[in-house]
Every structure is written in structure tokens, then in C-alpha cells.
2 protein chains.
Amino acid sequence: MAQLAQVHPSIASRVLNGDKSASVKEETKQRVLEAAEQLAYRPNGLARGLRTKLSHCITLVIPDLSNPAFAEILRGAELEARRSQYYVLLASQDSGPQEKRFLRATLESRVDGVLLANAKVEDRVIEELEADAFPYVLVNRRSHKASRYVVGDDHGAARIATEHLIANGHRRIGHLAGPETADTATARRQGYEDALRAAGIKVDPALVVCGDYAVSSGRVGLRRLWTGVPRPTAVFAASFQLAVGALEAARELALEVPDHLSIVSIDEFELAAAIPPGLTTVRMPLEEMGREAVRMLLGVVRGEQAGGQLILPQLELVSRNSVGAPND
Amino acid sequence: MAQLAQVHPSIASRVLNGDKSASVKEETKQRVLEAAEQLAYRPNGLARGLRTKLSHCITLVIPDLSNPAFAEILRGAELEARRSQYYVLLASQDSGPQEKRFLRATLESRVDGVLLANAKVEDRVIEELEADAFPYVLVNRRSHKASRYVVGDDHGAARIATEHLIANGHRRIGHLAGPETADTATARRQGYEDALRAAGIKVDPALVVCGDYAVSSGRVGLRRLWTGVPRPTAVFAASFQLAVGALEAARELALEVPDHLSIVSIDEFELAAAIPPGLTTVRMPLEEMGREAVRMLLGVVRGEQAGGQLILPQLELVSRNSVGAPND
DNA sequence: TTGAAAGCGGTACCAG
DNA sequence: CTGGTACCGCTTTCAA
């Protein structure tokens, strides 16, 4: 490349990197640019990375690819990364002994930073990252150990969902909660409880079932709620999958939704419309979370920004047909 | 690292890479190993890659993350890559002007190979890859231009689906086909037609609606089919999303499934059980496709294998409640 | 304004 | 068996 332009490699480097401080004769610059164009020249990323200590890659750790919420986050992350000429290296956590494993890439200095997306990250891992001062950002997960995270407004979303039920006249509102280990789940539960209290409704622990975010949890959860006392007239599900499971159980129980039971959930997907009778949801800004997390991470990598806690406010109630008035 | 063990870096390298041909005194070897352990030493991947010309990364190009089928493929790919100490770099095609763009990584010699997963890859791209002798494998997509691909048995799956309908007594079977530009779609259509012919049923083009693989296509497609002549008693949808759309339309049309209309589709997901009345599907080995594609790709990278065409045979009819006898 | 040289952190191929 | 050395392809500093 350099020889085609008949210049020294260092000059080529300066030109191609748009080094402002370097002064290069206009004619020479042109020669370089033309040569580069002609050869469709692309500098070797590894060599460059070796020299500059920047790999231009980040890792995204994701617990479960089949969860559409993570697909959204991933998409946002990839979009934003690309805008900054960064690549996203994927580490799905189900691919073996977690722990250090997914940090291998960081240890090999293959990546400039890590995004931890609601992974069941051990606090220990965060501490280590923190101790090494290695750039990382939590996505969709808070932690008091972590100095940087990007999350949605889980509390607010849960409030909106619950208030929607209350506005429709419900008083005995059940909650299919996510795992107690997930702070998204606890925040949503908080929001649910706060909405009830704000409406002067007593919070009844018997109306809350904890499980994980999976479809099967929603199924058994709803059965439990339905056979319990008091029996709810509406249910707020902490995740799309939980709602799907609940709907499934309702069907098995021959319950009409929303006539016998109303259901709302968090996280909006195209499929929510497809499942009869059409699931009412609260949209969380998942893609935006991915974007913002990358933005924050790259800010840290570039040393422009120490990071911080970002709570994305955008919420939207997507009203369909799974909510109606209580029937008793 | 080398200095802790008090050996020359080259020795350390030999030991750590388990170079068989090199002879190293047992004691020295131990010293190196201990030092490496103690420092939790990980060689710099970039430096190593620069030297060995192997980045230990591959790119996976995916058209659309929100399609669960690709999530499955991705998962398989990631699993298999990890087994071979490889990293997967993600390039979702919706992230901007495609074309060369997603090949940037290859041009920067950041990756050792590319997986093209049913991307709407221009033939030109394939030709280029071929011309450069750059390792690549098509996944879930055939092309006569391509010397290597891994696909499922689309034709067979379509046959199984259609035959299932026939076995249930249907004769007027409609088909919601995928885009004519996708060879998976054409293969499925072929399978559908062949199954009909094998059963002595005349193929009627009026019973086939082409669209894309999206939910909305399924909705308008089913409406078209239902209002057309002849009116089908059953429909074979070429994708899960198409089936979802069809189910949606059926609901709008107040059709009972399967009483008024039977539906089968290809691609098995957990959600298929969740959508009333429970969608009967034919499972395609998506995860396996991802795995095998990576396997093939790495074989090529290592020069052990020229590649070839791999058609994964595993198919499975997952019978639920969306298929019944025709009602007329 | 340009050229030369060093070096990022390894690996590979020598000679000792 | 071990140590030296060159070099992968680029950036950066310094001298010309």
C-alpha cells in the first residue's frame, strides 16, 4: 500500500487516520488516498489494536438468546456499536461454565469493554472488574456494587401496569413476579405494591407468586393464584413469558380473558398482539437500553466519562384486549 | 511472565502452546506453568493473532435478530465456536447499508471466516468471497454460487407438514409461502407441491400466496386464501411467523381452528404451544445448523476440509391442536 | 514535510 | 534443550 503510493508507511498511517497535527503535503496526501482506494486498503485491525491497545471490540454477555428481550437489547447494542466502528462479540451464558469463562476475551485483551446484560453475574465478577478498572456496564440490571448501569424504569412500568388494572376497577390484583434474585423483578414488585398502596388497596402477599421469568412459571403461577384465596380478578405479570404462561393456564382452566380475568405484562413484542385476546403490555425501551449501554461503555473506554446510573424513562402502555372490568 | 519463570519468552510460548515437537526440560516446564498459573497469565490474543494470522474470531451475519429462528442458529453457532475457543462477532444486517459493510471485519483481518445466515446476500458477495478464497459458509441458505452451505431439509419438512394435513383428510390445502427470493421458501413450496402430487391431489396455484416470512404477511395471506376460490380447509404456513399471522386473521374472521381451518407450520418454538389452540409444527434443527456450520467453517479455516453441502435431516412433527379433520 | 526506527506481545526458526 | 532474533502490520516518536 505504502509502496504503491511511494511514501513511507508512517505517512500513509498519518493520512489514513486523519491526523490533524501532522502536516502532509496535499499532493502526497492525494497519492496515499488514491492508492488506498485502488487497493481497497483496510488496515489490519489486529496489528492496529496491538499497537493502540484498542481492539475496537466489546463483549456482550447475555443469559439467554431465546428470550426476545435480550434480542432487542442486543440489536440496540449492535447498532450503536457499529456507529462507533465497534464490533460486538457475543457471549451467551448458557454456553458452559460461566464465571471467568466469559471474561476470557477480556483477559486476552481482545475487547475494550464488557456489557453485562442481566446476566446472573456474581458480585465477585463485578468486584473484579471494578478492581481491575476494566470498562464495563450492566444492562437491565442494577447492583450497588456496580458503578455503571443502564436500566429501564421497572418500578414505573409496574406502576403503570398495575394502575391500569386499578383504573379498570380491579381491587384484587395478583402478581406473577420474577425471580427474587433479579433486581428487575424486585423493582417491578415494588412498583406493583406502591401502585396498590397509592390506591388505598392493601397489599396481600398471598396474591404474589414468585418464580422465574419463564413461560412455565407463568402457568403454574396463575394456577396457584386462581386456586388461592383471595382469588384475583386481574393479574400483573412481570414478564412477557410469564404472561404467556398465564394465558396458557387460563385457557386450560377455561377462563375467558378478560371476562373472568384481566392480564397485563411488561415488555412489548409483536407477538403480544398475536396471542388471543391480544395482550396489553407496558413497553420497555429495550433497544434503547442496548444503545445507551454501549454509548456509556465507549465513553468509559475513551476515558471521556466515568459512567453513572442511567434509568431510561420511556414507557408506554400498549392497550389491547386482555384487560376489562372485574366480573364480580 | 517469562521473567517470573526466569526463562526466555520463546520457551514460555512453547510450553504454553503445548508444542509437542519442542523438547523442554520437565523442570523448566513446571516453572513456566507455575508462573503462568500464578499470574493468571493469558496471552494477548491480538498479538498472537497478528503473528499466527488467526484471529480466533468468526463473523455471523444475521438478517434479523427478532426472528427466533436466527436466535437458535446463533445459539448453536456460539456453542460450537466456544468449544473450539473461537469467538463470534455479530453482524445484524439491519444495522445499516449492508454489502461490504459487514465484510469490513473480514477486510480488516479481524475474523478467520464468515457465516452467512440466510442473509439476503448478494450473489456478488459470495463470488467475491469465493474469489478471495475467504472461508465462509452459508447457513439456512443454498446457492449454486456457493461451494459450502448448511441447511435443513426444507423440502422434507414441507412434505411432512403437508402429508400430515392430507392424512387428516384434507384435499384443498393452501400454502402461505415465504419470499420467492429465499430458497428455503421455494424448497418448502416444492415439498408442499410434491406431497400433494404424491397423494394425487392437483396443485392449484390459486391456493398459494407468496409474501415474506413476517406475521403481517400471514395475516393478509390467510384472508386472501379464505376469500379466494377454492377455499382451503387447511393451510401450511412456511414459517412460524406466517402461522402466527394466519392465526390472527382466523381470529379476526371468527374462524375456529381447527374446526373451520387447520394450520401447520415449520419451525418449532416454545411459543407455538402458547398460541391457542396450540400450533402443530415441524421442527427444524436450527441450533444444529448453527453448530454444524461453525464446524464446517473452522474445518475450512484449518485447511482440513474443503467444505461441501450439508443437509441436516432431523425433522420432527410436533403435533398440537391446530389440525383436525376438514369440516366440509 | 518526510523518513527512520522502535516497539506493541507474541510466535517461529535459527544457532548455540 | 535453550537462547537469540526476526518479524507479524501497524502507530508513534524523533531526527533529518
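By convention in this document, chain letters (A, B, ...) are assigned in the order of the sequence lines, proteins followed by strands, and residues within each chain are numbered from 1.
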- Item | Positional range of nucleotides in DNA chain D within the contact set of chain A, heavy-atom, under 4.0 Å | D:dG9 to D:dT13

Show me, pair by pair, the donor-acceptor contacts under 3.5 angstrom made by side chains of residues 35-47 of chain A, not counting sequence neighbours?
residue: A:Arg42; atom: NH1; partner: B:Glu108; partner atom: OE2; Å: 3.4
residue: A:Asn44; atom: OD1; partner: A:Leu46; partner atom: N; Å: 2.7
residue: A:Asn44; atom: OD1; partner: A:Ala47; partner atom: N; Å: 3.0
residue: A:Asn44; atom: ND2; partner: B:Ser109; partner atom: OG; Å: 3.1

- Message: Tell me every residue that passes salt bridge (Lys or Arg N to Asp or Glu O under 4.0 Å) with B:Asp154, counting only those two or more places apart in sequence or in another chain.
- Response: B:Arg142, B:Arg188

- Would you please name every residue forming a ring-ring contact (aromatic ring centres under 6.0 Å, His included) with B:Phe269, sequence neighbours left out? B:Phe240

- Message: Treating primed atoms plus P, OP1 and OP2 as sugar-phosphate and everything else as base, which nucleotides of nucleotides 8-14 of chain C get B, S or - for protein heavy atoms under 4.0 Å?
- Response: BBBBBB-

- Message: The criterion is side-chain hydrogen bond (donor to acceptor under 3.5 Å, both in side chains); which residues satisfy it with A:Glu26, sequence neighbours excluded?
- Response: A:Gln30

- Message: A:Ser147: which residues meet the side-chain hydrogen bond (donor to acceptor under 3.5 Å, both in side chains) condition with it, sequence neighbours left out?
- Response: A:Glu130

- Task: Classify the nucleic acid contact of B:Ser109 as base, sugar-phosphate or nothing, counting any heavy atom under 4.0 Å across all strands shown.
- Result: nothing

- Presence of salt bridge, A:Glu72 and A:Arg75, under 4.0 angstrom: yes

- Per the end-axis method with five pairs at each terminus, what is the bend angle of the helix from C:dT1-D:dA16 to C:dG16-D:dC1, to 10°? 50°

- Task: State which residues pass ring-ring contact (aromatic ring centres under 6.0 Å, His included) with B:Tyr86; sequence neighbours excluded, sorted by chain then number.
- Result: B:His56

- Message: Please enumerate all residues that pass side-chain hydrogen bond (donor to acceptor under 3.5 Å, both in side chains) together with B:Glu304, with sequence neighbours excluded.
- Response: none

May I have the list of side-chain donor-acceptor pairs in residues 287-295 of chain A shorter than 3.5 Å, sequence neighbours left out?
residue: A:Glu288; atom: OE1; partner: A:Arg283; partner atom: NH2; Å: 3.4
residue: A:Glu288; atom: OE2; partner: A:Arg283; partner atom: NH2; Å: 3.2
residue: A:Glu292; atom: OE2; partner: A:Arg295; partner atom: NH1; Å: 3.0

- Note on the structure: Across all chains, not counting sequence neighbours, the side-chain hydrogen bond (donor to acceptor under 3.5 Å, both in side chains) partners of B:Tyr149 are none

